[in-house]
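Structure, as structure tokens:
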Amino acid sequence: MQISRSAKKAAMAVAMLGAVAGAAPAYADAGEDVTSRLNHHTNPDIHISYAYSLRSAGNKNVAVRDERADDSAVYSEFDRKNTKGLRLWNKKGKGETTYSDSSTSNYVVKVTACVHYDLTPDKCGPDDRPGDGR
């Protein structure tokens, strides 16, 4: 059985349209800001570490800010859409912010703010992920 040239073109057009319609957009984001803050254990008004990825910036990078002059480095544990278990260090000191690399296609989907202590276990704030109600 021979298929006409126009039937082949029509079948190819339908296949291509289906592929394009089902494809994920080239650029996306997590759909909301993702933030994590670690507060002092006895005074919640004293902030130690703050990690965030903002939707207004496309969730393309993570920032981690040291909010306390205590000689302890802060960091964020974070996940991207296609890469899990990343860590961004900030050893600059109080009031300073460190930024990760940017990626619009591998956007940030989880952040956790942490502080590093030399002689005791590190402390971390709560994770934040899109859609978790935080």
Side-chain angles (χ1 to χ4, degrees):
M1 178 170 117
Q2 181 129 359
I3 299 175
S4 72
R5 194 176 267 187
S6 46
K8 287 180 185 177
K9 286 182 182 179
M12 181 61 89
V14 168
M16 289 177 66
L17 181 60
V20 170
Y27 301 102
D29 59 40
E32 64 183 71
D33 293 347
V34 284
T35 63
S36 176
R37 177 169 262 139
L38 176 65
N39 297 325
H40 190 271
H41 67 283
T42 59
N43 185 345
D45 294 328
I46 299 174
H47 308 301
I48 299 172
S49 176
Y50 180 50
Y52 58 93
S53 178
L54 303 179
R55 182 175 187 212
S56 62
N59 298 111
K60 64 186 177 192
N61 64 354
V62 169
V64 61
R65 180 174 174 82
D66 190 337
E67 298 189 323
R68 186 149 188 230
D70 60 3
D71 295 324
S72 295
V74 298
Y75 61 94
S76 175
E77 293 179 341
F78 67 102
D79 293 344
R80 290 186 174 276
K81 179 183 173 202
N82 301 313
T83 316
K84 309 294 183 223
L86 301 169
R87 185 175 282 192
L88 174 65
W89 283 94
N90 179 347
K91 299 178 181 182
K92 296 179 180 180
K94 182 182 182 197
E96 298 295 323
T97 303
T98 300
Y99 299 90
S100 70
D101 60 324
S102 295
S103 175
T104 53
S105 60
N106 193 18
Y107 52 88
V108 176
V109 296
K110 181 201 80 136
V111 297
T112 307
C114 301
V115 62
H116 172 74
Y117 295 113
D118 288 329
L119 301 175
T120 62
D122 294 354
K123 303 279 188 215
C124 293
D127 290 349
D128 190 17
R129 302 166 192 263
D132 67 359
R134 287 183 10 102

With rounding to the nearest 0.5 Å, note down the distance linking CZ in Arg68 to NZ in Lys94.
9.5 Å

Could you report the tightest heavy-atom contact between His116 and Ser72, atom names first, then the distance?
O-CB, 3.3 Å

With no hydrogens and no angle check, is any side-chain donor or acceptor of Asp128 less than 3.5 Å from a backbone partner on Thr35?
yes

Count the heavy atoms belonging to other residues, nucleotides or ligands that lie under 6.0 Å from NZ of Lys60, then report whether that count exceeds 12.
no

Quick one: closest heavy-atom pair of Asp127 and Asp132, and the distance?
O-OD2, 4.0 Å

My understanding is that only residues two or more places apart in sequence, or in another chain, count here; which of them pass salt bridge (Lys or Arg N to Asp or Glu O under 4.0 Å) with Asp101?
Arg80

Quick one: disulfide bond (SG atoms under 2.5 Å apart) pairs with a partner in residues 62-100, sequence neighbours left out?
none

Taking every heavy atom of Val62 against every heavy atom of Val108, the minimum-distance pair comes out as CG2-CG2, 3.5 Å

To the nearest 0.5 Å, what is the distance between CD1 on Ile48 and CZ on Arg37?
11.0 Å

Do Tyr107 and Leu88 share a hydrophobic cluster, counting only Ile, Leu, Val, Met, Phe, Trp and Tyr and linking them when any side-chain heavy atoms are less than 4.5 Å apart?
no

Can you name the closest pair of heavy atoms from Asn90 and Val64 and give their distance?
ND2-O, 3.0 Å

Please name all residues satisfying ring pair (Phe, Tyr, Trp, His ring centres under 6.0 Å) with Phe78, sequence neighbours left out, ordered by chain then number.
none

Mind checking the OG-CG spacing from Ser49 to Asn39? Nearest 0.5 Å is all I need.
10.0 Å

I need the minimum non-hydrogen distance between Arg55 and Asp33, along with the two atoms involved.
N-OD1, 2.7 Å

Those residues at least two apart in sequence (or on a different chain) that pass side chain to side chain contact (heavy atoms under 4.5 Å, CB included) with Lys84 are Asp79, Val109

Using the side chain to side chain contact (heavy atoms under 4.5 Å, CB included) criterion, which residues pair with Cys114? Sequence neighbours excluded.
Tyr75, Glu77, Thr112, Cys124

Answer whether the closest heavy-atom distance between the side chains of Lys92 and Asp66 falls below 4.5 Å.
no

Could you tell me whether Asn82 atom CG has more than 12 heavy atoms of other residues or ligands within 6.0 Å of it?
yes

Which residues, ordered by chain and number, are linked to Tyr50 in its hydrophobic cluster, where ILVMFWY side chains connect at heavy-atom gaps below 4.5 Å, directly or through other members?
Tyr52, Leu54, Tyr99

Keeping the roles fixed (side chain from Thr97, backbone from Arg65), state whether a donor-acceptor pair exists under 3.5 Å.
no

Which heavy atom of Ser76 sits nearest a heavy atom of Val111, and at what distance?
OG-CB, 4.1 Å

Linking I/L/V/M/F/W/Y whenever their side-chain heavy atoms sit closer than 4.5 Å, directly or via other members, would Tyr117 and Leu38 fall into one cluster?
yes

Whether Asn59 side chain and Ser53 backbone form a donor-acceptor pair below 3.5 Å:
yes

